[in-house]
Amino acid sequence: MTEIQGPKHKRDLTRRKVVVTGAGAVAAVGVAGGLAAGAFAGETGRGGKTPTPKASGSSAEVCYTLTSETTEGPYYIDADKLRQDITEDKEGIPLTLSLRVIDSESCKPIVNAAVDIWHCDALGLYSGYESLSTGGGGGAPTDAPSGTPTGEPPTDAPSGGTGGGGGGVHEEPTDDKRYLRGTWKTDRQGRVTFKTVFPGWYRGRTVHIHTKVHVDGTWTDAGYEGGTTCHTGQFFFDEESVLLSATVEPYSTSTTERTTLTEDTIYDQSGTAGGLLRLKYDKKNIAKGVTGSITMGVDPEATNDGTGDAVQPGASESPADTASPSASAS
């Protein structure tokens, strides 16, 4: 796949652009259609309650509570790779991430939205920021991943140091690596699928994946241009899956402190609405691979860039919006 270098990070996401050279750069991963079509059954909304179905034409759509907004984190790189398979050569448990984006008011799918995802590797490193993230440990590892967390997340993480660094303040990339990052567009049903690996962990944060949804832009031969960011969020993994992943290499070689889902300062404990993924895997052999799915209910008319510069109109601030900078690590 052609290496695509994206533009320098811009706060004004209405000018975001993906540059693509060659048809091969936009080849989709081979994922069975049935997987995406059936991946969202059984999801629950805020507080674990099943969302109320609403009739839409001849079929019933499931409407969701507006999905929680969170911090962008310090390690976002705007529009760097237009692709679905973001794995590159990173080792880890295969993860197929099946997402759907809908209008939380009308329940209609949002078509041709640009969805970004990015996350750390199995040992907690972020591409583009390996010298800053260092597995979140800021130096020598402090504890072994026995599956039992070692305490509350740190609250004094300096920029670029332990806890993911930056407190949500954007850091400029320090290297040209771009593994585990990608952008792709939603189809006519609002669905998009990515192929990656199960993320690892680093000190101060639970296991998570970052995401952004951009709307009202234009897809051209050059990529995606214009538009606004209507959602900035994070996806989370239940404790059982994380404990099982910790028994598989290279996760089992990590000696970094781990924060549980309930201890995390970003996850708002609201289940699907807060970004908790629905996971499928063989509990006897998670190394074979995991499928994660979620529906994001968004307001396409809102601007939520995750930098603290904009708040959804008419909405109260989320816990992430009001958290202290030290609690807003990547």
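Both backbone and side-chain heavy atoms feed into the values below; hydrogens, waters and symmetry mates do not. Quick caveat, the model's predicted, so the values are computed rather than measured.
Proximity of Leu95 to Ile209: side-chain heavy atoms (C-beta onward) are separated by under 4.5 Å at one or more points. Counting heavy atoms from C-beta outward, Glu91 and Val197 have side chains that stay 4.5 Å or more apart. Looking at Arg205 and Gln234, their side chains come closer than 4.5 Å, going by heavy atoms from C-beta outward. Lys283 has its side chain within reach of Tyr281: a pair of non-hydrogen atoms, C-beta onward, lies under 4.5 Å apart. Considering only heavy atoms from C-beta on, Gln84 comes within 4.5 Å of Thr193 through its side chain. In this structure, the side chains of Thr256 and Trp201 come closer than 4.5 Å at one or more pairs of heavy atoms. Counting only heavy atoms from C-beta outward, the side chains of Met296 and Thr211 approach each other to under 4.5 Å. Counting heavy atoms from C-beta on, the side chains of Asn304 and Val298 never come closer than 4.5 Å.
In this structure, Lys185 fails the cation-pi test against Tyr224, since its NZ or CZ atom is not both closer than 6.0 Å to the six-membered ring centre and inside 45 degrees of the ring normal.
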- Query: Can you check side-chain contact (heavy atoms from CB on, under 4.5 Å) on Val213 and Ile110, steps first, answer last?
  - Reply: CA-CA 10 Å; Val213 178; Ile110 298 181; 5.7 Å; no

- Message: The test is side-chain contact (heavy atoms from CB on, under 4.5 Å); show your working for His210 and Tyr126 and say whether it passes.
- Response: CA-CA 11 Å; His210 292 266; Tyr126 278 90; 3.3 Å; yes

- Do Ser245 and Phe237 pass the side-chain contact (heavy atoms from CB on, under 4.5 Å) test, and can you show the C-alpha distance, the side-chain angles, and the key distance before you say yes or no? CA-CA 11 Å; Ser245 74; Phe237 298 77; over 6 Å; no

- Item | side-chain contact (heavy atoms from CB on, under 4.5 Å) assessment of Val101 paired with Val215 | CA-CA 11 Å; Val101 184; Val215 295; over 6 Å; no

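The backbone N or O of Gly73 sits less than 3.5 Å from a side-chain atom of Thr71, completing a donor-acceptor pair. At distances below 3.5 Å, at least one donor-acceptor pair connects side-chain atoms of Tyr267 with backbone N or O atoms of Gly271. Side chain of Tyr179 to main chain of Lys90: no donor-acceptor pair is present (N/O by atom type, distance under 3.5 Å, no hydrogens or angles). A distance-only check finds a donor-acceptor pair linking the side chain of Asp175 to the backbone of Glu130 [under 3.5 Å]. Judged by distance alone, with hydrogens and angles left aside, the side-chain atoms of Ser254 form no donor-acceptor pair with the main-chain N or O of Tyr251 at under 3.5 Å. For Thr183 (side chain) and Leu82 (main-chain N/O), no donor-acceptor pair under 3.5 Å exists by modelled atom type.
For the atom pair OH of Tyr75 and NE2 of His170, the computed distance is 11.0 Å after rounding to the nearest 0.5 Å. Atom CG of Leu279 is separated from atom CZ of Phe198 by 6.5 Å, given to the nearest 0.5 angstrom. Distance OG1/Thr70 to CG/Asp268: 9.5 Å, rounded to 0.5 Å. Here CG of Asp103 is found 8.5 Å from NZ of Lys108. Values are rounded to the nearest 0.5 Å. How far OG1 of Thr67 is from CD1 of Ile102: 8.0 Å, rounded to the nearest 0.5 Å. With rounding to the nearest 0.5 Å, the separation of CG in Leu99 from CZ in Arg191 is 11.0 Å.
Scanning both residues, Ser270 and Ser68, for their nearest heavy atoms gives OG-OG, 3.9 Å. A pairwise comparison of heavy atoms in Lys212 and Gly306 identifies NZ-N, 4.4 Å as the closest pair. Between Ala287 and Pro94, the shortest heavy-atom contact is O-CD, 3.6 Å. When every heavy atom of Thr186 is checked against every heavy atom of Val111, the shortest pair comes out as OG1-C, 3.4 Å. Across all their heavy atoms, Ser131 and Thr174 have their closest contact at OG-OG1, 3.1 Å. When every heavy atom of Ser133 is checked against every heavy atom of Gly124, the shortest pair comes out as CB-O, 4.1 Å.
Residues His119 and Thr196 have side chains that bring a donor and an acceptor to within less than 3.5 angstrom of each other. Asp305 and Thr232 share no donor-acceptor pair across their side chains, judged by distance under 3.5 Å alone. Inspection of the Thr260 and Thr262 side chains reveals an N or O donor paired with an N or O acceptor under 3.5 Å.
For Arg178 and Glu88, the salt-bridge test fails: no basic side-chain N is under 4.0 Å from an acidic carboxylate O.
The aromatic rings of Tyr76 and Trp118 sit tilted, their planes meeting at an angle between 30° and 60°.
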